[in-house]
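See below for the structure under consideration.
Please read all numbers here as calculations on a predicted model, not as lab measurements.
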Amino acid sequence: MAHRLNKEEKYSYLDIGEGTPIIILHGLMGGLSNFEGVSNFFPTKGYRVLIPELPIYDMPLLKTNVKYFSKYVSDFIDYKGLKNVILLGNSLGGHIGLYCTKTFPEKIKALVITGSSGLYESAMGGSFPKRGDYEYIKQKAENVFYDPAVATKEIVDEVFASVNDRNKLIRTLAIAKSAIRHNMAKDLPSMKTPTCIIWGENDSVTPPKVAKEFHELLPDSDLFWIEKCGHAAMMEHPDLFNEILHAWIQKRKF
């Protein structure tokens, strides 16, 4: 991404455009660049896009959990002096967004989730990494997408480096266990925040039945499908993802 990373206090983040704030929460193995399509599109439509780097690998183990990171996001909202934000999260980022919305509903006027964990136990990737086995990691990375070519060598190298770093692997396991512990099924029916659910029809990490369950349990949600699409819709079909999300935001007058 060509945009400059801001570093202030304990936060590193991208801040692009002006207008209604959209805060984007990346997944466990996902970087800020996964949302390049979103961050290029929405600032041209009158929205301010902020993408904080979640310090997943920098926290003490006791703080490496969904609850802590949702508080981190809430603190970031306060730090930037924002109100009535739209939260958008993929995978673990969706789960953190859900928990943050449950805990601090007054700060969030809309939630967008795609391939989110929070209901499904193997949403963090199922079997855990074989360290040192590059081909295995490559296959796991490719399985995230409908089109395996989306898993570029750069993405595979990054995941491979993470699982071969003991500190990162321990925290990956800690956050995965936390995601399983923080199942949201009982919380969702009382969450009134308008929610846009955008899901890949071919998501093998969080299968389509997970999206349907989110839609059934959330009182004010809309569900949209993207064909020939895996776990990261905003990467595989950025233009269609933006089109769906922009139309929803416009319809809801956010």
Side-chain angles (χ1 to χ4, degrees), residues 1 3-28 30-56 58-59 65-118 175 184 191-198 214 218 220-221 232-235 238 241-242 244-246 248-250 252-254:
M1 289 178 97
H3 306 290
R4 188 174 58 83
L5 203 60
N6 297 289
K7 293 185 183 287
E8 298 166 359
E9 306 261 334
K10 63 180 180 178
Y11 304 108
S12 295
Y13 62 97
L14 291 173
D15 188 350
I16 309 153
E18 294 178 4
T20 301
I22 301 175
I23 295 181
I24 295 176
L25 307 176
H26 61 81
L28 181 59
L32 276 55
S33 62
N34 291 12
F35 290 91
E36 192 162 3
V38 176
S39 60
N40 286 336
F41 177 84
F42 280 92
T44 70
K45 302 293 181 184
Y47 294 88
R48 178 183 179 187
V49 173
L50 300 103
I51 317 182
E53 278 191 329
L54 299 172
I56 291 168
D58 303 326
M59 286 294 111
N65 57 57
V66 170
K67 184 176 179 180
Y68 176 81
F69 288 118
S70 71
K71 175 71 165 61
Y72 184 90
V73 172
S74 170
D75 290 347
F76 177 72
I77 291 169
D78 293 344
Y79 174 75
K80 294 304 296 176
L82 303 172
K83 289 181 169 52
N84 295 322
V85 308
I86 299 169
L87 273 189
L88 161 57
N90 170 241
S91 199
L92 172 68
H95 197 163
I96 293 167
L98 283 157
Y99 201 93
C100 189
T101 302
K102 180 196 94 160
T103 315
F104 310 101
E106 70 285 355
K107 299 180 185 181
I108 294 140
K109 68 176 174 183
L111 176 65
V112 185
I113 55 173
T114 179
S116 178
S117 56
I175 196 75
M184 304 282 299
M191 290 171 58
K192 305 289 197 295
T193 305
T195 305
C196 178
I197 305 166
I198 306 176
F214 273 122
L218 284 161
D220 185 7
S221 64
M234 70 290 166
M235 290 176 72
F241 183 90
N242 290 338
I244 290 169
L245 179 53
H246 187 239
W248 184 81
I249 288 175
Q250 293 290 99
R252 294 290 193 130
K253 296 183 168 58
F254 292 140

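Taking every heavy atom of both residues into account, Ala233 and Thr114 meet most closely at CB-OG1, 3.8 Å. Nearest heavy-atom pair across Gly94 and Ser116 is C-OG, 3.2 Å. Pro43 and Val38 get closest at one heavy-atom pair: CD-O, 3.9 Å. Scanning both residues, Ser70 and Phe104, for their nearest heavy atoms gives O-CE1, 4.0 Å. Smallest separation of non-hydrogen atoms from Leu50 and Pro21: CD1-CB, 4.0 Å. Smallest separation of non-hydrogen atoms from Cys196 and Leu245: SG-CD1, 4.3 Å.
For Gln250, the CD atom counts as densely surrounded, since its 6.0 Å shell holds more than 12 non-hydrogen atoms of other residues, nucleotides or ligands.
Contacts classified as salt bridge (charged side-chain N to carboxylate O under 4.0 Å, His left out) and involving residues 42-55 (residues at least two apart or in different chains) are given here: Asp15-Arg48.
When the salt bridge (Lys or Arg N to Asp or Glu O under 4.0 Å) test is applied to Asp78, the partners found at least two apart in sequence or on another chain are Lys107. In this structure Lys10 satisfies the salt bridge (Lys or Arg N to Asp or Glu O under 4.0 Å) test together with Asp75, sequence neighbours excluded.
Put simply, the side chain of Phe241 reaches to within 4.5 Å of the side chain of Ile198, judged on heavy atoms. For the pair Phe214/Ser221, no side-chain contact is recorded, criterion being any heavy-atom separation below 4.5 Å from C-beta on. Side-chain contact between Asn40 and Pro238: absent, with no pair of heavy atoms (C-beta onward) separated by less than 4.5 Å. When side chains are defined from C-beta on, Ile22 does not count as touching Val85, because their heavy atoms never get closer than 4.5 Å. Put simply, the side chain of Asp220 does not reach to within 4.5 Å of the side chain of Lys192, judged on heavy atoms. Within the 4.5 Å cutoff, the side chain of Ile24 has no heavy atoms near those of the Met234 side chain. Considering only heavy atoms from C-beta on, Leu28 stays 4.5 Å or farther from Ser91 through its side chain. In this structure the side chain of Asn6 reaches within 4.5 angstrom of the side chain of Arg4, judged on heavy atoms.
In this structure, Tyr11 and Tyr79 have tilted ring planes: the angle between them lies in the 30° to 60° band.
The structure places NZ of Lys83 at 14.5 Å from OG1 of Thr20, a figure rounded to the nearest 0.5 Å. With rounding to the nearest 0.5 Å, the separation of CG in Asn84 from CZ in Phe254 is 9.5 Å. Atom CH2 of Trp248 and atom CD1 of Ile197 lie 9.5 Å apart (nearest 0.5 Å). For the atom pair OG (Ser117) and CD1 (Ile175), the distance works out to 8.5 Å, reported to the nearest 0.5 Å.
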| request: Could you please spell out the steps behind the side-chain contact (heavy atoms from CB on, under 4.5 Å) verdict for Leu5 and Leu14? | output: CA-CA 5 Å; Leu5 203 60; Leu14 291 173; 4.0 Å; yes

| task | Please assess Phe35 against His26 for the test ring pair (Phe, Tyr, Trp, His ring centres under 6.0 Å), listing each intermediate value before the final yes or no. | result | CA-CA 8 Å; Phe35 290 91; His26 61 81; 8.0 Å; no

| request: Begin with the C-alpha distance, continue with both residues' side-chain angles, and end with the deciding distance and a verdict on side-chain contact (heavy atoms from CB on, under 4.5 Å) for Leu87 and Val112. | output: CA-CA 6 Å; Leu87 273 189; Val112 185; over 6 Å; no

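In this structure, the side chain of Thr44 engages the main chain of Phe41 through a donor-acceptor pair within 3.5 Å. With Thr195 contributing its side chain and Thr193 its backbone, the two residues share a donor-acceptor pair below 3.5 Å.
No side-chain N or O of Glu18 forms a donor-acceptor pair with one of Tyr47 less than 3.5 Å apart. Between Tyr13 and Lys80, the side chains place a donor N or O and an acceptor N or O closer than 3.5 Å (distance only, hydrogens not considered).
The residue from Ile51, Leu82, Val49, Ile86 that alone fulfils the side chain to side chain contact (heavy atoms under 4.5 Å, CB included) condition with Ile23 is Leu82. Checking Asn90, Val66, Ile113 one by one against His95, the side chain to side chain contact (heavy atoms under 4.5 Å, CB included) holds for a single residue, Val66.
Under the 6.0 Å cut-off for aromatic ring centres, Tyr99 and Phe69 do not qualify, their centroids lying 6.0 Å or more apart.
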